[in-house]
Number of protein chains: 2
Amino acid sequence: MKLEVLTKNENKKVENFIIKGIRDLINYKNLEPGDKLPSERMLSEKFEVSRNNVREAIQKLEFYGLLKSRPQSGTFVANIGVTAMNGMIEDIIRLDEPDFKSLVETRILLELKTVKLAALRRTEEDLQKMEEALLAYKQKVLNGEDAVQEDLLFHLAIAKASGNSTMNTFMLIITPEIITKFEKYHVCDSDLSQKGIVDHQAIFDAIKNEDPQLAKQKMKDHFKELYVYCYNIE
Amino acid sequence: MKLEVLTKNENKKVENFIIKGIRDLINYKNLEPGDKLPSERMLSEKFEVSRNNVREAIQKLEFYGLLKSRPQSGTFVANIGVTAMNGMIEDIIRLDEPDFKSLVETRILLELKTVKLAALRRTEEDLQKMEEALLAYKQKVLNGEDAVQEDLLFHLAIAKASGNSTMNTFMLIITPEIITKFEKYHVCDSDLSQKGIVDHQAIFDAIKNEDPQLAKQKMKDHFKELYVYCYNIE
DNA sequence: ACTGCTAAACTGGTTAACCAGTTTTTAATT
DNA sequence: AATTAAAAACTGGTTAACCAGTTTAGCAGT
């Protein structure tokens, strides 16, 4: 029994290998929704991998809603057809790390919507949180410090105020990668930050005044330079 | 040492408890980006939970980019400031299961974009995949069978053709929940499915003809009834 | 042959032990 | 006192053992 620490890439390969195995199993044995999968121990023996690896693969498929495991009972095929199962597994396997371009593109799409929704739905508490974030951002910029994180925090406050939990989650997922890339490429210069204050204030005012169209327009303006800049990076 | 199987809700509470503990630790000890966290064993002892629970919490924070663990060395605070850290952790803790309304709202937003991008960027291979999905959908509907999954698979093919890996991932995340909810509430009746064929064909043709505006419009029409229907469910 | 019940086998979840690098401490040498 | 080499302690990752429900098999009684 060899024992070595795998890199994350190797680990991913093993996981995909197991996922493919489970897919083939479902196809070959004609498992239908609700049917029980072989036990984790049997799968680990069949695929000649550790039970831990099997568990991780199953948990991933469970996250995407393809499997459902019940404690002390077994793992079952979710209520989803064979064709859908195959199509989605193929996508899951081929999922790569998102490129920066698609990240920014998605962020802009999400934010132009969340800012509109925030203008329609924001509560007084939301406003307060956003104002706090705005002030923190201003202070950092006026002190000449790097304010990428405070910038993003203001945007996250907007996402929360949108009242759409799904979009809020998605913003949370893409934000850390945006931050690291931005700091890596030094996207936000000081003069850009100065303009950022005005932009943010305008966005905040529009949300406060419950003007969704204006809020969206201000957000668009805010992204305008960013958009061009990002598309020149890669 | 008591030993019992926790429900997923209880498990979530424990996870959030640990995440809060880690946040407090970072604040209290003034840990900065790059600093090392106490070892998993120490944390499990300090919080009086199992090391497994600590590992899961750390992995979650790692997923959101707040921590970074290096094998055989330690877990480190990611390159992100204290304020951003606190704000994001608060959001992560308060994240609930997404409600259906926000799910549909997000899906519509994403798809009106992916269909435009698909019309602009689709390759021949993308077209082929979409056509296959379209045919499978038609056959199911014409046989009078339930075709919710084939429906969604066509939409996923569009997302893939958009060339935006982030949006594709997000569609993958929300699709399973959409499917189960739709089947639960019987959103798609047979007459609606009949219209669905025409809609899908129109969307496909627009993408094939590289007409993004028409593609978006057809998608909008396709969602029109769905949109109203969904908002009446809850 | 059929039903009811018991016990053995099996299941996913959990804990404890172990592994092989990394880091820190210690001690020896200059 | 400074440097370096060796060893002990520590780290996240991995494996094996264990737990308590669930499911199934087998048997007893009718």
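Within every chain, numbering begins at 1; the chains are lettered A, B, ... in the order of the sequence lines, protein sequences first and strands thereafter. Hydrogens, waters and symmetry mates are skipped; everything else that's a heavy atom, side chains included, is used.
Comparing the helix axis at one end of the helix from C:dA1-D:dT30 to C:dT30-D:dA1 with that at the other, each defined from 5 consecutive pairs, gives an inter-axis angle of 30° (nearest 10°).
At whole-Å resolution of the value, CD1 in B:Ile58 and C1' in D:dG13 are 12 Å apart. Following rounding to the nearest Å, A:Lys68 (NZ) and C:dG12 (P) show an atom-to-atom distance of 15 Å. Rounded to a whole Å, the CG atom of A:Asn52 is 16 Å from the P atom of C:dA16. Rounded to whole angstrom, the span from the CZ atom of A:Arg51 across to the C1' atom of C:dT11 amounts to 8 Å. When rounded to the nearest whole Å, the span between CE of B:Met42 and C1' of D:dT11 equals 12 Å. In this structure, B:Glu56 atom CD and D:dG13 atom C1' are separated by 15 Å, rounded to whole Å. In this structure, A:Gln72 places its CD atom 13 Å from P of C:dT11, rounding to the nearest Å. Atom CD in B:Glu10 sits roughly 14 Å away from atom C1' in C:dT14 (whole-Å rounding).
At a cut-off of 3.5 angstrom, counting only N and O atoms as typed in the model, there is no donor on one side facing an acceptor on the other between the side-chain of B:Arg70 and the base of C:dG21.
Legend: residues meeting side chain to side chain donor-acceptor pair (under 3.5 Å) with A:Lys60, ordered by chain and number and at least two apart, are A:Glu15. Considering only residues two or more places apart in sequence or on other chains, A:Arg41 meets the side chain to side chain donor-acceptor pair (under 3.5 Å) condition with none of them. For B:Glu45, the salt bridge (charged side-chain N to carboxylate O under 4.0 Å, His left out) test picks out no residue, with sequence neighbours left out. The salt bridge (charged side-chain N to carboxylate O under 4.0 Å, His left out) test applied to B:Arg70 returns no partner, not counting sequence neighbours. Every side chain to side chain donor-acceptor pair (under 3.5 Å) that A:Thr106 has, sequence neighbours left out, goes to B:Asn164.
For C:dG21, neither phosphate oxygen OP1 nor OP2 lies less than 4.0 angstrom from any side-chain nitrogen or oxygen of B:Ser73. For the pair B:Ser69 and D:dG12, the criterion of a side-chain N or O lying under 4.0 Å from OP1 or OP2 is not met. Listed pair B:Arg55 / D:dG13 meets the phosphate criterion, a side-chain N or O lying under 4.0 Å from OP1 or OP2.
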Under 3.5 Å, which donor-acceptor pairs link side chains of residues 75-85 of chain B to any protein atom two or more places apart or in another chain?
from    : atom 1 : to       : atom 2 : distance (Å)
B:Asn79 : ND2    : A:Glu183 : OE1    : 3.2
B:Thr83 : OG1    : A:Glu150 : OE2    : 2.9

For residues 16-32 of chain A, dump all side-chain donor-acceptor pairs below 3.5 Å to protein atoms at least two apart in sequence or in another chain.
from    : atom 1 : to      : atom 2 : distance (Å)
A:Asn27 : OD1    : A:Asn86 : ND2    : 3.0
A:Asn27 : ND2    : A:Arg23 : O      : 3.4
A:Asn27 : ND2    : A:Asn86 : OD1    : 2.8

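For B:Asn11, whose side chain is taken as the heavy atoms from C-beta onward, the closest listed nucleotide among D:dT11, C:dT15, C:dT14 is C:dT14.
Taking a 4.0 Å limit (strictly below) on heavy-atom distances, residues 23-41 of chain B reaches DNA chain C at B:Arg41.
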Quiz prompt | Pair A:Met171-B:Asp91, side chain to side chain contact (heavy atoms under 4.5 Å, CB included): steps then yes or no | solution = CA-CA 11 Å; A:Met171 280 295 295; B:Asp91 284 345; over 6 Å; no
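With ring centers used as reference points, A:Tyr137 lies 6.0 Å or more from A:Phe154.
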